[in-house]
Amino acid sequence: QITIVVASATGVPKEFYTKFALYFQQHCHVLLFDYTGIGKSIQELKQLSHLSIKRDWAKDTTLVVEHAATLSPKVFYVAHSVGGHLLGFLPLETQSKIARALFVSCNVPFRDFMPSSGAFLWPVMGEVSAQWCGYFPASTLGLGLDLPKNVGRQWAYWSRFPDYMTHNPKTKQLFDSCTIPFEQVGFEDDHLSNRKGMEQILTLYPSCPRRLHYLKPSDVGERQVGHVGFF
């Protein structure tokens with residue numbers, strides 16, 4: 001018996017993955033969950049401004065993986081976008097309970113790795129708007145649901161570096177310790193990342209057996225897939 005944990009993209013509610021979960025539920029357990037703060041009102045988000053990706057969202061993910069391990073002996077981790085970033089923040093004991101992972105559209109959103117000509121502006125816009133509004137207005141920037149302020153600022157700050165969160169030596173040490181094998185799937189029509197952004201994720205996990213499958217939508221019989229269409 002297998003349990004699949006689906007770690008959502010930033011600002012994407014768990015309900016988005018229902019169709020994917022229902023398909024696999026015929027054969028195994030599937031766990032969907034929201035990171036703390038997702039789907040909250042603006043007023044609630046302002047009260048959750050202290051939340052952190054590497055602390056709170058990693059803790060959310062850890063709890064779900066630990067629960068998954070009680071349901072079956074084998075846990076598969078399906079990571080969409082930020083879900084792949086979170087894997088390296090999980091405690092090693094929790095990581096040891098994950099047999100394999102699939103990364104979908106996981107990228108490093110550094111300016112040189114994004115297709116948009118205005119991509120270099122978004123880290124600055126994100127940080128300034130979060131400070132001004134008291135929350136991160138991701139929906140206004142076309143980046144999913146609105147987020148707690150510190151989550152948005154952390155995301156924007158890491159995006160200034162080609163090695164993303166691992167520019168911090170302590171974080172790099174954490175990610176270097178991860179050994180979970182994974183496959184990464186990305187698509188040419190992803191508006192948030194080019195091939196370099198997808199390849200860069202592989203460099204964040206140097207100790208993991210890993211491989212990138214960079215596809216055209218037509219390779220899977222679709223006209224467009226983009227950043228979220230896989231699900």
Side-chain angles (χ1 to χ4, degrees), residues 5 7-11 35-36 50-66 75-114 119-120 122-124 126-127 130 136 143 147-186 190 192-214 227:
V5 172
S8 310
T10 308
Y35 307 121
T36 304
H50 61 283
L51 291 178
S52 159
I53 296 174
K54 68 179 183 180
R55 183 186 65 240
D56 300 288
W57 284 14
K59 182 179 179 181
D60 294 336
T61 308
T62 296
L63 292 173
V64 175
V65 171
E66 291 290 346
V75 176
F76 284 2
Y77 184 83
V78 176
H80 186 198
S81 197
V82 75
H85 305 158
L86 287 165
L87 185 63
F89 287 119
L90 306 186
L92 289 178
E93 184 179 350
T94 301
Q95 290 183 24
S96 70
K97 297 172 183 176
I98 299 174
R100 297 189 67 85
L102 172 66
F103 285 14
V104 179
S105 302
C106 295
N107 65 298
V108 170
F110 180 64
R111 61 177 182 270
D112 292 348
F113 305 152
M114 299 180 76
F120 70 95
W122 102 256
V124 177
E127 196 157 340
F136 186 78
L143 297 170
L147 305 168
K149 180 174 74 173
N150 196 45
V151 166
R153 293 183 68 188
Q154 201 167 52
W155 184 18
Y157 174 72
W158 287 339
S159 297
R160 296 181 178 186
F161 306 97
D163 47 358
Y164 206 45
M165 75 284 280
T166 63
H167 79 279
N168 180 303
K170 289 184 178 179
T171 301
K172 186 180 186 311
Q173 190 174 17
L174 286 176
F175 278 65
D176 286 353
S177 299
C178 184
T179 59
I180 299 167
F182 69 85
E183 305 286 327
Q184 153 86 313
V185 177
D190 191 325
L192 294 179
S193 180
N194 57 28
R195 185 184 184 112
K196 287 183 180 179
M198 303 286 183
E199 291 173 338
Q200 191 69 358
I201 278 291
L202 305 187
T203 71
L204 303 190
Y205 292 97
S207 304
C208 296
R210 64 221 186 276
R211 179 171 52 172
L212 170 65
H213 306 269
Y214 193 64
H227 195 67

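Being a predicted model, the structure only gives us computed values, none of them experimental.
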Donor-acceptor pair, [X] side chain versus [Y] backbone, under 3.5 Å?
X      : Y      : value
Tyr77  : Gly83  : yes
Ser207 : Asp176 : yes
Asn194 : Asp112 : yes
Thr171 : His167 : no

[atom1]/[X] to [atom2]/[Y] distance, rounded to the nearest 0.5 angstrom?
X      : Y      : atom1 : atom2 : result
Glu183 : Arg210 : CD    : CZ    : 11.5 Å
Tyr35  : Asp60  : OH    : CG    : 8.5 Å
Gln173 : Thr166 : CD    : OG1   : 12.5 Å
Ile201 : Tyr164 : CD1   : OH    : 8.0 Å
Ile53  : Met165 : CD1   : CE    : 7.5 Å
Phe161 : Asn168 : CZ    : CG    : 9.5 Å

Which atom pairs, one a donor and one an acceptor, fall under 3.5 Å between side chains of residues 84-95 and the rest of the protein, sequence neighbours left out?
from: His85; atom 1: NE2; to: Asn107; atom 2: O; distance (Å): 2.8
from: Thr94; atom 1: OG1; to: Glu66; atom 2: OE2; distance (Å): 2.6
from: Gln95; atom 1: NE2; to: Leu87; atom 2: O; distance (Å): 3.3
from: Gln95; atom 1: NE2; to: Leu90; atom 2: O; distance (Å): 2.9

(request) Could you check whether the rings of Phe182 and Tyr205 sit parallel, tilted or perpendicular, using 30° and 60° as the cut-offs? (result) perpendicular
Closest non-hydrogen atom pair between [X] and [Y], with its separation:
X      : Y      : answer
Thr203 : Pro206 : O-CD, 3.6 Å
Ala9   : Val82  : C-CG1, 3.8 Å
Phe76  : Ala99  : CE1-CB, 3.8 Å
Pro148 : Thr36  : CG-O, 4.5 Å
Leu212 : Glu199 : CD2-CG, 3.5 Å
Pro162 : Gln200 : O-NE2, 2.8 Å

(request) Please list, chain by chain and in numerical order, all residues satisfying side-chain hydrogen bond (donor to acceptor under 3.5 Å, both in side chains) with Ser81, sequence neighbours excluded. (result) His227
(message) I want to check something: taking the side chain as every heavy atom from C-beta on, are Ser8 and His80 in contact at a cut-off of under 4.5 Å?
(response) no
(request) Determine whether Gln154 and Trp57 make a side-chain contact, defined as any pair of heavy atoms from C-beta on separated by less than 4.5 Å. (result)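 A side-chain contact is absent here, since even the closest heavy-atom pair is not under 4.5 Å.
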